Amino acid sequence: MQVFTVVSLVFAVCSVHATVYFREEFLDGDEWRSRWVDSKHKSDYGEFKLTAGNFYGDAEKDKGLQTSQDARFYATSARFEPFSNEGKSLVVQFTVKHEQKIDCGGGYVKVFPTDMDQADMHGDSTYYIMFGPDICGYSTKKVHVIFNYKGKNHLIKKEIKCKDDELSHLYTLILNPDQTYEVKIDNEKVESGTLEEDWDFLPSKKIKDPEAKKPDGWDDRAKIDDPEDTKPEDWDKPENIPDPDAKKPDDWDEDMDGEWEPPMIPNPEYKGEWKPKQIDNPDYKGAWVHPEIDNPEYSPDANIYKFDRIGVLGLDLWQVKSGTISDNFLISDDVKEAEEIGNETWGATKEPEKKMKQEQDDIKRKEEEERNKAQETEEAEEEDEEEDDGEDEEEDEDAKDEEEELSESDEAAKLKDEL
Ligand SMILES: *[C@@H]1O[C@H](CO)[C@@H](O)[C@H](O)[C@H]1NC(C)=O
């Protein structure tokens with residue numbers, strides 16, 4: 001008996017080992033080009049280049065695919081051994097760094113069935129899952145979670161906010177065989193729930209009973225006119241009356257101007273339309289609730305989460321201002337291990353990355369301050385000279401120049417705001 005327990009325990013431990021289906025961290029120089037296939041669907045896709053960007057935690061480990069040309073579509077993908085997530089968790093994870101201060105552009109990934117033609121991948125290529133951040137202006141800053149179900153793409157009904165700063169962030173989607181899901185950013189849960197509740201995959205469970213009708217005579221008026229109440233005799237007064245204070249002008253000529261009439265003013269005694277007092281309706285039955293029945297169109301599906309032949313991960317993006325770096329792609333069936341890998345990659349480099357960025361920002365700010373100071377001194381000196389000369393004309397011109405400069409920097413500030 002004891003032996004049996006030990007054996008089955010060993011078996012149980014062995015059978016839950018994790019599988020990493022796909023992992024790409026771009027750690028071998030140009031070799032990634034042999035693993036990733038650029039789409040040729042359009043002739044003018046933007047080019048991805050391998051770089052850690054302007055600031056990073058580790059010059060080698062933080063190298064990822066960066067979009068390098070503004071206002072372009074991007075399309076590239078990598079293939080792996082096809083698998084089904086039946087009965088297992090599915091984890092899709094990667095990092096995104098919008099170091100360019102992105103104005104409008106995607107940072108998501110698409111997970112495709114294995115029969116996807118990589119050389120022809122495009123925006124309408126059928127995918128299983130689309131997941132990750134999407135930013136456009138102020139209004140769109142969200143994490144997409146789209147699943148294909150029976151040939152149709154379904155968007156999550158909840159709004160998940162994405163990160164919009166310039167640092168690297170870790171995005172994780174977990175899809176479980178019990179049809180629950182979780183979205184994490186930087187290894188922290190930001191959303192979770194069930195597939196059935198948070199997407200419209202299936203028709204609703206209940207519908208209003210088409211047979212049910214509000215019974216005749218069902219009184220759903222909470223208040224009614226008081227039948228005892230009557231309009232007072234002196235209620236009705238005209239809304240406007242001739243202004244009693246108006247006087248015919250002295251030079252009024254009846255022959256020329258016609259008969260004089262005083263202007264009309266609102267009548268202070270006007271009370272508006274009379275309405276009877278409201279009282280509680282003694283026959284009130286409450287609001288009628290339409291009874292619901294089970295929707296005959298609804299049938300549960302325990303396999304919404306299941307994708308049979310997962311085989312390609314792709315980046316299919318549009319970017320206005322380029323510079324986004326995508327890295328640390330992982331597809332796995334082990335939630336815990338994915339978290340660990342997230343900790344070892346993004347988690348290990350995020351602090352030094354932030355530090356390097358802060359140092360760069362500090363230097364930029366100091367340079368800016370010094371430039372401004374130098375300019376101020378220069379201007380002050382110029383003004384002094386002009387005052388000495390007393391040449392009005394030149395001064396005017398200078399004032400105009402200054403004005404122009406001001407409006408230019410205003411515009412730059414506006415542009416920056418918009419970005
Ligand atoms: C990942 O790092 C966080 C923060 O340090 C920690 O709380 C968590 O336990 C780590 N997860 C794993 C699986 O090691």
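Remember, it's 1-based here, ligands and their atoms both numbered in the order they're listed. For the single chain, residues carry numbers from 1 onward in sequence order. Computed from a prediction, not measured in an experiment: that's the story for all the values here.
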Taking the cut-offs as 6.0 angstrom to the six-membered ring centre and 45 degrees off its axis, would you call Lys97 and Phe55 a cation-pi pair? yes

Hey, can you tell me if Trp274 and Trp235 have their rings parallel, tilted or perpendicular (30° and 60° cut-offs)? perpendicular

Is the Tyr127 ring parallel, tilted or perpendicular to the Phe112 ring (thresholds 30°, 60°)? perpendicular

More than 12 foreign heavy atoms under 6.0 Å from NZ of Lys237: is that the case here?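 Yes, the 6.0 Å shell around NZ holds more than 12 heavy atoms from other groups.
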
Please indicate whether Glu292 has more than 12 foreign heavy atoms, meaning atoms of other residues, nucleotides or ligands, lying under 6.0 Å from its CD.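 Result for CD/Glu292: enclosed.
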
Under a 4.0 Å heavy-atom cut-off, what residues line ligand 1? Lys336, Glu339, Glu340, Asn343

Identify, with sequence neighbours excluded, every residue that meets ring pair (Phe, Tyr, Trp, His ring centres under 6.0 Å) alongside Phe94.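 Ring pair (Phe, Tyr, Trp, His ring centres under 6.0 Å) check on Phe94 returns Phe131.
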
